[in-house]
Every structure is written in C-alpha cells, then in structure tokens.
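To start, the structure under review is shown below, and the notes come after it.
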Amino acid sequence: MTDPICPLCLRPIPPEAKQSLHHLVPKLKGGKGGPVVRLHQICHNEIHATFTEGELAREFNTPEALRAHPRMARFLAWVRKRPPAFHARSSGGRRNR
C-alpha cells in the first residue's frame with residue numbers, strides 16, 4: 001500500500017509523520033460532518049497560522065485555493081524541499097479570530 005499524498009505540499013505522508021485531518025470548512029462555520037483531508041501536521045499548522053476560521057469558510061475551502069494564496073505558496077515551496085516526515089513549529093502565531 002502506498003502512503004497517502006498531502007493535498008497541499010503534494011508529498012507522501014508516511015505512517016511515522018505527524019499528520020491530522022483538516023475540515024475544509026471549519027466545524028465552527030458549519031463544516032461539522034463535511035469533507036476533510038489528511039495533511040502533514042506542519043501543513044495543517046500553517047493553514048491555521050495564516051487564515052481565520054471565516055476566511056477558511058468563505059475563500060479557502062479547497063486545497064487549490066489554499067495553495068494559491070501567496071503566503072501558503074511560499075511555505076509550500078519551502079516545505080517541499082524537506083523529507084516527508086519533517087516537522088517543525090510554524091513560524092507565525094495564530095491570527096486573532
């Protein structure tokens with residue numbers, strides 16, 4: 001069986017990698033029970049360090065929209081050069097909600 005692919009950075013997610021499920025529409029904004037995607041934990045952390053819950057619900061509710069954002073594009077270009085199991089703390093803190 002092959003490892004799943006992270007829909008953001010497009011790297012494989014090996015079993016030993018920190019990973020999580022991301023609700024494409026945040027649960028607090030009506031996404032409970034909605035579609036989820038498996039991501040590297042570092043990719044998931046960067047999403048929530050970059051966007052508010054409202055922004056995720058309104059504008060950034062697909063992997064394609066997330067990848068197109070300039071800050072995410074810079075992060076993804078950087079993280080793609082790292083091994084699939086790489087993890088580090090996100091650079092920025094959470095934005096005010």
Side-chain angles (χ1 to χ4, degrees):
M1 188 166 121
T2 61
D3 295 334
I5 301 296
C6 178
L8 280 189
C9 70
L10 306 177
R11 297 178 301 149
I13 306 173
E16 69 274 13
K18 291 184 178 184
Q19 54 189 288
S20 61
L21 294 176
H22 171 66
H23 286 81
L24 291 173
V25 175
K27 291 188 286 186
L28 293 174
K29 299 292 183 179
K32 186 174 182 179
V36 296
V37 291
R38 181 169 303 279
L39 303 172
H40 290 101
Q41 186 65 49
I42 192 170
C43 296
H44 196 185
N45 291 351
E46 189 66 20
I47 289 171
H48 289 286
T50 303
F51 304 106
T52 65
E53 300 288 309
E55 289 170 328
L56 289 170
R58 285 188 310 273
E59 302 171 55
F60 300 102
N61 52 25
T62 67
E64 297 79 17
L66 291 165
R67 284 194 307 263
H69 186 274
R71 176 176 164 167
M72 287 301 297
R74 282 190 305 278
F75 166 78
L76 294 170
W78 174 81
V79 82
R80 281 187 190 114
K81 299 173 187 171
R82 307 300 183 269
F86 174 80
H87 182 78
R89 289 181 55 111
S90 291
S91 60
R94 289 189 135 204
R95 290 183 47 176
N96 292 334
R97 301 287 189 252

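Positions are given from 1, in the same order as the sequence printed here.
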### Message
Measuring centre to centre across the rings, with the benzene-like ring taken for any Trp, is His40 within less than 6.0 Å of Phe86?
### Response
no
### Pro84 side chain reached by Asp3 side chain, heavy atoms, under 4.5 Å
no
### Task
Flag the pair Leu21 / Val37 as yes when at least one side-chain heavy-atom distance between them is below 4.5 Å, and no otherwise.
no
### Query
Going by an N to O cut-off under 4.0 Å, is there a salt bridge joining Arg71 and Glu46?
yes
### Query
Rounded to the nearest 0.5 Å, what separation is found between the OG atom of Ser20 and the CG atom of Asn45?
7.0 Å
### Task
Could you tell me whether the side chain of Gln19 reaches within less than 4.5 Å of the side chain of Arg38, counting heavy atoms only?
yes
### Query
What are the two closest heavy atoms between Pro7 and Pro63, and how far apart are they?
O-CB, 3.8 Å
### Message
Given 3.5 Å as the limit, does a donor-acceptor pair link the side chain of Arg80 with the main chain of Cys9, or not?
### Response
yes
### Query
Does any non-hydrogen side-chain atom of Phe51 lie less than 4.5 Å from one of His69?
yes
## Note on the structure
dist Leu28:CG -> Leu56:CG (nearest 0.5 Å) comes out at 11.0 Å
### Query
Looking at side-chain heavy atoms only, is the closest gap between His48 and His22 below 4.5 Å?
yes
## Note on the structure
When rounded to the nearest 0.5 Å, the distance separating NZ of Lys18 from NE2 of His44 is 14.5 Å
### Message
Same cluster or not: Ile13 versus Met72, using hydrophobic residues (I, L, V, M, F, W, Y) connected whenever any side-chain heavy atoms lie under 4.5 Å apart?
### Response
no
### Summary
The reported gap from CZ in Phe60 to CG in Leu24 (rounded to nearest 0.5 angstrom) is 13.5 Å
### Task
State, with a plain yes or no, whether a side-chain heavy atom of Leu10 is found less than 4.5 Å away from one of Arg67.
yes
### Query
Counting distance only, does the side-chain N/O of Arg11 pair as donor-acceptor with the main-chain N or O of Pro83 below 3.5 Å?
yes
### Message
side-chain contact (heavy atoms from CB on, under 4.5 Å) for Leu8 and Phe75? Distances and angles first, verdict last.
### Response
CA-CA 10 Å; Leu8 280 189; Phe75 166 78; over 6 Å; no
### Query
Would a 4.5 Å heavy-atom cut-off, applied to side chains only, mark Leu39 and Ile47 as touching?
yes
